[in-house]
Each structure stands twice: as structure tokens, then as C-alpha cells.
Amino acid sequence: MSKDAVKQAAKKNQNVLQRDIAALAEIFAPLIQAIITGGLILGFRNCIDSLYLFENGTKTLCDISQFWAGIDSFLWLIGEAVFHMLPVGICWSVTKKMGTNQMLGIVLGLTLVSGQLLNAYAVAGTAAADIPKWDFGGFRINMIGYQGQVLPAIMAAFTLVYLEKFFRKITPQVISMIVVPFCSLLLSVMAAHFILGPIGWKIGAAVSSMVFAGITRAFKIVFGAVFGVVYRAKIKAAGHPDVTVCVVTEEGSVRDIQFHTGMDVREKETIVANFS
């Protein structure tokens with residue numbers, strides 16, 4: 001039995017929530033390696049440009065070495081491509097997963113991070129009056145990018161997918177190549193910037209505020225426990241093995257750290273690394 005056949009058989013035993021989570025996991029799976037690479041690069045850059053380890057803790061490695069300052073600047077090329085341009089990868093992956101035109105997905109993603117738009121990371125420091133706008137006479141729309149935004153990209157990509165499938169069904173084959181991509185892309189870009197983007201932005205901001213409050217307020221232990229349970233359920237529903245860090249402490253000091261794989265009982269887990 002092929003791998004795809006096994007996947008299809010497994011999906012038949014999943015409920016709706018599990019299938020939705022598995023679909024999201026499949027969307028992000030192709031992006032994981034790029035995200036890991038970007039994370040490592042950002043972590044390395046933080047070490048050389050943000051840790052004040054030299055000259056009595058007053059300078060970083062980049063401050064005392066032009067070579068490392070150049071490396072720091074160069075590596076941001078990759079870091080920015082991974083995280084600022086993440087919507088492009090998400091839109092491409094959604095269209096690939098749903099079996100629609102992947103190039104349209106890429107173009108849609110590019111419209112979310114276009115240089116014509118105000119960078120998402122610059123919005124907080126820009127006065128409302130200074131935000132560029134599309135002026136349609138009767139109404140205006142903020143020209144804001146969605147760099148690093150996940151929800152707006154997912155919502156826009158699925159809108160493109162369903163519009164493309166809709167127009168493909170109702171359009172005669174002889175003009176399908178012209179009408180389907182034009183109408184699908186135009187309407188999905190409009191929906192993304194007029195409706196879905198702002199909604200996704202607000203939802204993302206609310207979730208971020210909730211998570212930040214959860215890990216910093218008095219109930220952070222309860223929040224951590226709930227988050228851990230939900231995280232493991234999500235990973236298990238997606239059919240992927242997870243990695244759990246087990247820390248055994250004694251009198252306040254770390255005695256043993258073990259990395260385990262597996263999602264069931266301890267007897268089925270395998271220790272892949274041990275630090276004592």
C-alpha cells in the first residue's frame with residue numbers, strides 16, 4: 001500500500017476537527033525547513049549583534065568587527081525572505097494542497113507583501129494620517145502589507161482556491177484560461193486587502209495578546225498546562241511524531257534532561273538524546 005493510500009485510509013477514521021488540523025499541518029509541512037533555517041539565522045544574528053560581551057559588556061561582536069557586521073547584514077537577506085515573505089509560501093502551499101494553480105497562489109502572496117504597501121512591522125510606528133491609502137472616491141483602503149502574517153495569508157489563499165474552482169465550473173472551456181485566473185486572482189486580492197486582511201490582522205493580534213498574557217500573568221502555570229495538552233492533541237491529530245523535553249529537577253537544580261519521541265505512553269517512547 002502506498003503512502004498516499006495509507007493517509008487516505010487514516011483520514012477516514014478522523015473526525016472533522018482532526019481532518020482540519022491535519023490539512024493545516026500539511027499546508028505548513030513544506031515550509032518547516034525554511035522556517036527552521038530562518039530561525040537559526042535570526043538566533044545567530046542575535047548572538048553577534050545583541051549580546052554585549054566585549055569591552056566590559058558595552059559592545060557586541062558586530063560593534064568591534066566589520067567582518068561580523070557584514071555577516072550580520074548579509075544574513076538578514078535570508079531571515080527577511082523567510083519571515084517577512086512567509087505569506088507567499090503559505091499561499092503557494094495552500095494552492096498546492098488544494099490542487100489549484102500554484103502560480104496564482106504565489107502572485108496572491110506577493111500582493112500581500114508588495115513593496116508598494118506599508119510594511120506590517122512599520123505600522124505601529126506610523127501615524128494613522130501617514131498610512132498610505134487607495135482612494136476610490138467614495139471610500140479609502142489602507143495600503144498595509146502583511147509581512148509575517150499567517151491568518152490573512154491562509155484566509156486569502158482559501159478564498160483564491162474556492163473562487164478558482166467556482167469559476168472553473170461555470171466558465172466555458174474555450175475561454176477558461178483567460179476568465180478563470182483573471183477573475184479568481186482579482187477578486188481574491190480585493191477580498192484580501194479590503195476584508196480578510198484587516199480581519200485576520202485583528203484576530204492575530206487578539207491571539208498574540210492572549211498568549212502573551214497567558215505566559216506572563218499569575219495563571220501562567222495553568223495556561224502552560226492547557227497549551228501543552230492542546231499542542232500534543234494538535235500534533236497527534238496531524239499524524240506527526242512530537243518531541244517532548246522532560247526535565248527532572250532535584251532541590252531546584254536540573255538533574256537530568258531527556259528528549260523523547262512519541263505521543264502515547266512512556267513505554268512506547270524512545271530516548272533520542274540524554275544530557276545529565
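These values consider heavy atoms only, across backbone and side chains, with no hydrogens, waters or symmetry-generated copies.
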* Asked: Any donor and acceptor pair, going by atom type alone, linking the side chain of His193 with main-chain N or O of Thr111 inside 3.5 Å?
  -> yes

* Structure fact -> Residues Leu108 and Ala156: closest non-hydrogen pair is CD2-O, 3.4 Å

* Asked: CG of Leu118 to NZ of Lys133: how many Å apart, nearest 0.5 Å?
  -> 10.0 Å

* **Centroid-centroid distance, Phe194 to Phe136, less than 6.0 Å** => yes

* Structure fact -> Residues His84 and Pro87: closest non-hydrogen pair is O-CD, 3.6 Å

* To do: Could you tell me whether the side chain of Thr60 and the main chain of Ser50 form a donor-acceptor pair under 3.5 Å?
  => no

* Structure fact -> CD1 (Ile35) and CG (Leu86) are apart, to the nearest 0.5 Å, by 5.5 Å

* **Hphob cluster co-occupancy, Ile195 + Met143, side-chain heavy atoms under 4.5 angstrom** => yes

* What distance separates Asn46 CG from Leu51 CG, expressed to the nearest 0.5 Å? -> 7.5 Å

* Asked: Are Glu80 and Val82 close enough, and set up right, to give a side-chain contact (heavy atoms from CB on, under 4.5 Å), and what steps lead you there?
  -> CA-CA 5 Å; Glu80 181 186 42; Val82 172; over 6 Å; no

* To do: Calculate, to the nearest 0.5 Å, the distance between atoms CE and CH2 belonging to Met190 and Trp134 respectively.
  => 10.5 Å

* Can Met210 be reached from Ile199 by stepping across I, L, V, M, F, W or Y side chains whose heavy atoms are under 4.5 Å apart? -> no

* Do you know the tightest heavy-atom contact between Cys62 and Ala69? -> O-CB, 3.7 Å

* Do Phe158 and Val94 touch side chain to side chain, with heavy atoms closer than 4.5 Å? -> yes

* Any donor-acceptor pair under 3.5 Å from Asn101 side chain to Met103 backbone -> yes

* Are the side chain of Ser176 and the backbone N or O of Pro172 linked by a donor-acceptor pair below 3.5 Å? -> no

* Residue pair Glu164 / Leu104, side-chain heavy-atom distance below 4.5 Å -> yes

* hydrophobic_cluster_shared for Ile41 and Phe67, side chain cutoff 4.5 Å -> yes

* Which heavy atom of Thr95 sits nearest a heavy atom of Gly105, and at what distance? -> CG2-CA, 3.7 Å

* Structure fact -> Here the gap from Ile203 atom CD1 to Ser208 atom OG, rounded to the nearest 0.5 Å, amounts to 11.5 Å

* To do: Group every Ile, Leu, Val, Met, Phe, Trp and Tyr by side-chain heavy-atom contacts under 4.5 Å, then state whether Leu75 and Ile36 land in the same group.
  => no

* Structure fact -> Here the gap from Phe44 atom CZ to Asp49 atom CG, rounded to the nearest 0.5 Å, amounts to 10.0 Å

* Atom CG of Asn56: over 12 foreign heavy atoms under 6.0 Å -> no

* Single-linkage hydrophobic cluster, 4.5 Å side-chain cutoff, Val222 and Phe212 together -> no

* Asked: Are the side chain of Thr171 and the backbone N or O of Phe167 linked by a donor-acceptor pair below 3.5 Å?
  -> yes

* Do side-chain atoms of Gln102 reach the backbone of Trp92 as a donor and acceptor pair under 3.5 angstrom? -> no

* Structure fact -> Of all heavy-atom pairs linking Phe28 and Val150, the shortest is CZ-CG1, 3.6 Å

* Asked: Is a side-chain N or O of Ser184 found less than 3.5 angstrom from the main chain of Pro181, in a donor-acceptor match?
  -> no

* Structure fact -> When every non-hydrogen atom of Ala120 is compared with those of Gln147, the smallest separation belongs to N-OE1, 3.0 Å

